[in-house]
Amino acid sequence: MDEASLAPAAPRPVPRVLALANQKGGVGKTTTAINLGTALAAIGETVLIIDLDPQGNASTGLGIDRRSRRVSTYDVLTGEIELRAAVLETAVPRLHIAPSTMDLSGLELELAGQRDRAYRLRDAIRRLNGPAEQFERSRNDIDYTYVLIDCPPSLNLITVNAMAASNAILVPLQCEFFALEGLSQLLKTVEQVRTTLNPELSIHGIVLTMFDARNNLSTQVVDDVRQFMGAKVYDTIIPRNVRVSEAPSYGKPVLLYDLKCVGSQAYLRLASEIIQRERSLRLAAA
């Protein structure tokens with residue numbers, strides 16, 4: 001037996017975990033999760049999207065038929081299976097998804113008496129890139145560099161699980177009148193989770209979505225949010241775009257549906273900006 005065979009296996013990489021959260025519905029969380037994941041995969045990252053919304057729109061938007069969801073994130077959070085066993089491939093190379101089902105809507109009641117109820121997802125993700133001899137080799141070989149969590153539009157136990165499991169929160173914020181009001185409540189929740197469950201949690205950034213340059217209100221919201229949150233707001237703004245809205249009905253990210261449209265180009269810029277922020281964070285921590 002040679003020395004190489006006796007050497008310990010190299011540690012598998014730890015993925016960066018970003019939760020896409022906002023308790024308001026219709027702000028672009030799922031659209032951003034799908035298209036940001038696709039854009040990150042397009043520039044070489046290996047990405048897992050975890051669908052934690054009982055409606056399962058991220059799964060549908062990536063072409064995962066409901067009949068294909070034999071196991072889901074519900075089974076992961078109840079402890080029935082490992083996260084890796086729920087993962088499905090998508091049409092996008094290097095992008096996978098752990099789909100959700102309506103079973104998730106009853107999870108809070110089922111876990112109410114469990115002491116580790118807020119850490120179910122964190123523990124599952126920690127095992128994701130670990131030894132996995134029980135899974136087939138095609139899945140063993142995958143080491144994710146990014147995990148994106150698509151949260152439900154509420155601040156419930158599922159969202160708390162996502163925040164407890166994440167390195168940082170990415171907040172999609174629609175350019176509309178009540179945007180800052182909803183943001184204030186989310187920031188309070190993030191601070192509560194940081195204090196009680198996850199001291200490393202931070203706001204990675206705020207992405208302004210559904211921007212309409214013809215609407216003076218959109219421009220005013222952009223100015224107000226930048227004044228309130230400063231450098232936390234990404235430079236990239238996602239415009240309101242018909243092609244972005246159409247793509248989910250075809251089970252495709254907009255980057256596959258129409259790469260050249262302004263929505264696709266915006267998500268590619270956002271992915272590059274996130275990678276740049278990640279490099280800056282690593283340099284600051286070094």
Does any donor atom in the side chain of Asp212 or Ser218 lie under 3.5 Å from an acceptor atom in the other side chain? no
Take Ile149 and Val17 through the test side-chain contact (heavy atoms from CB on, under 4.5 Å) and record every step on the way to the result. CA-CA 8 Å; Ile149 307 172; Val17 183; 3.7 Å; yes
Donor-acceptor side-chain pairing of Gln174 and Thr209 below 3.5 angstrom: no
Could you go through the side-chain contact (heavy atoms from CB on, under 4.5 Å) check for Val171 and Leu20 one step at a time? CA-CA 6 Å; Val171 185; Leu20 286 86; over 6 Å; no
Among residues two or more places apart or on two chains, list those pairs meeting ring-ring contact (aromatic ring centres under 6.0 Å, His included) that have a residue in residues 73-105. His96-Tyr144
Under a 3.5 Å cutoff, is there a donor and acceptor pairing between the side chains of Thr31 and Tyr267? no
Any side-chain donor-acceptor pair under 3.5 Å between Thr30 and Asn57? no
When rounded to the nearest 0.5 Å, the distance separating CG of Leu83 from CG of Leu48 is 6.0 Å
May I have the list of side-chain donor-acceptor pairs in residues 279-286 shorter than 3.5 Å, sequence neighbours left out?
| unit_1 | atom_1 | unit_2 | atom_2 | d |
| --- | --- | --- | --- | --- |
| Ser280 | OG | Gln276 | O | 3.2 |

Can you find a heavy atom in the side chain of Met229 that is under 4.5 Å from one in the side chain of Leu183? yes
As an exercise, state the distance from CG of Leu255 to CZ of Arg243, rounded to the nearest 0.5 Å. 12.5 Å
side-chain contact (heavy atoms from CB on, under 4.5 Å), that's the test. Do Phe177 and Val221 meet it? Break it down for me. CA-CA 7 Å; Phe177 183 69; Val221 170; over 6 Å; no
Pairing donors with acceptors under 3.5 angstrom, does anything connect the side chains of Thr60 and Arg69? yes
Determine the sole option in Arg16, Glu278, Lys232 for which the side chain to side chain donor-acceptor pair (under 3.5 Å) test with His204 is passed. Glu278
Between Gln227 and Asp223, do the side chains contain an N or O donor and an N or O acceptor separated by less than 3.5 Å? no
Is Asn156 reaching over with its side chain to a backbone N or O of Thr159, donor-acceptor style, under 3.5 angstrom? yes
Between Glu45 and Thr145, a side-chain donor and acceptor under 3.5 Å: yes
Apply side-chain contact (heavy atoms from CB on, under 4.5 Å) to residues Glu176 and Lys24 and explain how you reach the verdict. CA-CA 12 Å; Glu176 52 121 53; Lys24 290 174 66 66; 3.4 Å; yes
